[in-house]
**Student:** 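Below is a structure I'd like to ask you about.
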2 protein chains.
Amino acid sequence: MVSPPRPKMPGLNSLRAFESAARHESFADAAIELSVTPGAIAQQVKSLEIWTGKKLFKRHSQGVELTALGVGTLSDFTTAFDALGEAVIKLRANAVPQEIRIAALPSIAQLWLSPKLPEVRAAMPDIIISLTALEKRPIMMREPFDLAVFYNERPIPEKTIAVGDDWIFPVCSPEIAVNLNRPEDLLDQVLLHDTAWSGDWKNWFYRFLPDQKLHVTGPAFSLYSLAVEEAKNSAGILMGHSTLIGEQLASGALVAPFDHKLDIKRSLTIEIAGHGVNTSVLQNIIEMLLLE
Amino acid sequence: MVSPPRPKMPGLNSLRAFESAARHESFADAAIELSVTPGAIAQQVKSLEIWTGKKLFKRHSQGVELTALGVGTLSDFTTAFDALGEAVIKLRANAVPQEIRIAALPSIAQLWLSPKLPEVRAAMPDIIISLTALEKRPIMMREPFDLAVFYNERPIPEKTIAVGDDWIFPVCSPEIAVNLNRPEDLLDQVLLHDTAWSGDWKNWFYRFLPDQKLHVTGPAFSLYSLAVEEAKNSAGILMGHSTLIGEQLASGALVAPFDHKLDIKRSLTIEIAGHGVNTSVLQNIIEMLLLE
DNA sequence: TACTTAGGTGTAGAAAAACTAGGGGTATAT
DNA sequence: ATATACCCCTAGTTTTTCTACACCTAAGTA
């Protein structure tokens, strides 16, 4: 009566953990990708190694390295999980075609996308547009988004649509601007920082005031939009990103006291999911976002 | 500091349960394939339906039917899980190349394969040959076997190698055979049955003694090899399978009292895994198995 | 040389996921 | 009418997976 035992296959989760760890060559990065702790990755990988009977990684104190065996199968697993991810995303897109999911960098979501969405929603009242702010660009094959709006270094990858190049230049409230005539006037001012883009001031100074030692002492904000608000409140000078502060410059809430603009060689881009669902709706949304 | 929550993807196990259930159009069959209870499948499918927000199956009292949404994505999932299965099997084959895993029907394993293996092992002393008896043919893309020896209806599928056609005819020990001259002499004899092949006697009688009512009263065995042993011990008449009792006929332990043989339109076949590892070793093994 | 940092390991306990068991229900087959 | 085959649901249990540390090692830094 007992049916013969079939040889067990390894758990699917251990395969996913291996694939992620192998792709990043890092348990820590895989842990971030899968939203678990590195210890969980280590355990899953170990269980797969026990199943195969061979080590998949060489452990070093500073990281891991794939063994020959691991190298040989990584691409198979990546292909398989890509296919699986696409199947899931396509399923979701087909199941809820009236919902469009957009992923964007928090700053882009708040400063660029959010102001444009009301118009898009008004034009497409039966479409639900959801917006998720992510610090890191999602892998469109693996995560359930229809559009992703992020920065890309130029030249931008294929399959992405350029929205505009990103230039940086100091901006501030009109009240403060009256005291600023030359870049040197910045030296005794409060310089507002975004924690994620702490290099902005350094880069700009390096380009336009190369002889000046920079004081990185200003207040730091974890969200660029907070820094924008503070700048509007005359709390200091902000390094403005051309792609993000268009609204504020247009309304006059912020002004650019100088003409010194630095191209940071990246563009705001829109990436479209490859699931092939809702293509025309997505095209319409993109067109509306690109206007003006 | 808190990283923004990414939208959760459904659990991998629910995807596998859905794929299996959809492929079989049956929760019960999926449960067998995945070695769980049907309730487990139902729960996994439900959790996927909750994630997608739509029903994937229409439930009927006699079974399930895929919805349009389910139909549309089944092939994507099947493709993905096939790729994943192949990746795992290839990994295993590469990790332990000195081991060859053979799956076979229990009767084939014991009566056909097992007698031939010592010679194969002697010829390849550094290869470990493991043999697993399975009631059902494994899906070679999903389960870790290198060779599968099973019956196939003729015409046999591509990619399988025919070993020999299966004919059935009564066999018994020489002592019993002296009393058997014509098929009619079987009527008052003990007829041994294999539970899995209970139709054998019926088919043979239908062909050669169509006018006789058949008594299906003989002892039943869950393993054909047990029935063979009993037949050798003169416990009764066995319906012999040409592909399985060659040894016994050759040694004289069993004899065929009549010339009445029925072709049951199937062949013993060997299927080779598609992972492409160890191809030449596998070819050698198959050649040895096909000898004589 | 000693400290710090980055990244991996191992274990125990906790949390989450998955499974089984068992009681229902509804069609189809006998 | 009764049995059978399937699916559903819920409760409780088992298994898996994860976290939380404490520990280890190598490389960079003071």
Side-chain angles (χ1 to χ4, degrees), chain A residues 1-3 5-51 54-67 70 81 88, chain B residues 1-3 5-52 54-67 70 81 88 136 195 198 202 216:
Chain A
M1 292 306 122
V2 292
S3 63
R6 294 174 120 77
K8 287 235 168 307
M9 291 283 274
L12 295 175
N13 292 327
S14 68
L15 301 178
R16 178 169 51 184
F18 163 72
E19 192 272 340
S20 182
R23 183 155 34 81
H24 293 105
E25 294 235 345
S26 157
F27 287 8
D29 290 355
I32 294 167
E33 176 169 298
L34 301 180
S35 307
V36 294
T37 55
I41 301 293
Q43 291 176 68
Q44 295 287 17
V45 168
K46 188 162 69 168
S47 86
L48 183 58
E49 288 178 329
I50 288 169
W51 185 83
K54 287 267 163 42
K55 291 282 180 211
L56 269 2
F57 290 95
K58 289 179 214 144
R59 273 76 166 174
H60 304 136
S61 61
Q62 77 290 12
V64 290
E65 182 192 349
L66 274 174
T67 61
F81 277 108
V88 173
Chain B
M1 289 307 119
V2 292
S3 61
R6 295 173 119 75
K8 287 235 168 307
M9 292 282 274
L12 294 175
N13 291 328
S14 68
L15 302 178
R16 177 168 53 181
F18 163 72
E19 192 272 341
S20 182
R23 182 156 35 80
H24 293 106
E25 293 234 347
S26 157
F27 288 8
D29 290 354
I32 293 168
E33 175 170 298
L34 301 180
S35 306
V36 295
T37 55
I41 301 294
Q43 290 177 73
Q44 294 288 16
V45 168
K46 187 163 69 169
S47 85
L48 183 58
E49 289 178 329
I50 289 169
W51 185 83
T52 51
K54 287 268 163 43
K55 291 282 180 211
L56 268 2
F57 289 95
K58 287 178 214 147
R59 274 77 166 173
H60 305 136
S61 60
Q62 77 289 12
V64 291
E65 183 193 348
L66 274 173
T67 61
F81 276 110
V88 173
K136 277 161 201 145
T195 47
S198 54
K202 203 185 68 187
V216 241

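Letters go in sequence order (proteins before strands), and every chain restarts at 1.
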**Student:** With a cut-off of less than 4.0 Å, is there a side-chain N or O of B:Lys58 near OP1 or OP2 of D:dC7?
**Tutor:** no

**Student:** Under 4.0 Å between a side-chain N/O of A:Lys46 and OP1 or OP2 of C:dG8, yes or no?
**Tutor:** no

**Student:** Between A:His60 and B:Val36, which has a closest nucleotide on DNA chain C that is more 5'?
**Tutor:** A:His60

**Student:** Could you state the CD-C1' distance from A:Gln44 to C:dG10, rounded to the nearest angstrom?
**Tutor:** 15 Å

**Student:** Output yes when at least one side-chain N/O atom of B:Thr37 is less than 4.0 Å from OP1 or OP2 of C:dT20, else no.
**Tutor:** yes

**Student:** Check whether any side-chain heavy atom of B:Lys54 sits under 4.5 Å from a side-chain heavy atom of B:Thr67, and report yes or no.
**Tutor:** no

**Student:** Which is true for B:Ala40 with a 4.0 Å heavy-atom rule: it touches a base, it touches only sugar-phosphate, or it touches nothing?
**Tutor:** base

**Student:** Can you tell me if A:Arg59 touches the phosphate of C:dT9, counting only side-chain N or O atoms and a distance under 4.0 Å to OP1 or OP2?
**Tutor:** yes

**Student:** Could you check how far NE2 of A:His24 sits from P of C:dA6, rounded to whole Å?
**Tutor:** 18 Å

**Student:** Just the rounded figure in Å: distance from P of C:dA17 to CZ of B:Arg16.
**Tutor:** 16 Å

**Student:** Looking at every heavy atom in both A:Gly70 and A:Phe18, which two are closest together, and how far apart are they?
**Tutor:** O-CZ, 4.1 Å

**Student:** If you compare all heavy atoms of A:Ala21 against all heavy atoms of A:Val45, which two are closest, and at what distance to 0.1 Å?
**Tutor:** CB-CG2, 4.4 Å

**Student:** State whether the distance check finds a donor on one side and an acceptor on the other, under 3.5 Å, for side chain B:Gln43 versus base C:dT20.
**Tutor:** yes

**Student:** Expressed as a whole number of angstroms, how long is the span from A:Leu12:CG to C:dA18:P?
**Tutor:** 10 Å

**Student:** Grab the CZ-P distance between A:Phe57 and C:dG8 for me, whole Å please.
**Tutor:** 9 Å

**Student:** Of all the heavy-atom pairs spanning A:Leu48 and A:Leu15, show the shortest one and how long it is.
**Tutor:** CD1-CD2, 3.7 Å

**Student:** Determine the minimum heavy-atom distance between B:Leu12 and B:Phe81, stating which atoms define it.
**Tutor:** O-CZ, 4.2 Å

**Student:** Taking for each residue the nucleotide of DNA chain C with the nearest heavy atom, is it A:Ser61 or A:Gly39 whose nucleotide lies nearer the 5' end?
**Tutor:** A:Ser61

**Student:** If I take atom CD1 in residue B:Ile41 and atom C1' in nucleotide D:dC9, what distance separates them, rounded to the nearest angstrom?
**Tutor:** 16 Å

**Student:** Tell me what A:Ser26 touches on the nucleic acid: a base, only sugar-phosphate, or nothing, going by heavy atoms under 4.0 Å.
**Tutor:** sugar-phosphate

**Student:** A:Phe27 CZ to D:dT25 P: how many Å, rounded?
**Tutor:** 18 Å

**Student:** Send over the distance from A:Ile32 CD1 to D:dT19 C1', rounded to a whole Å.
**Tutor:** 16 Å

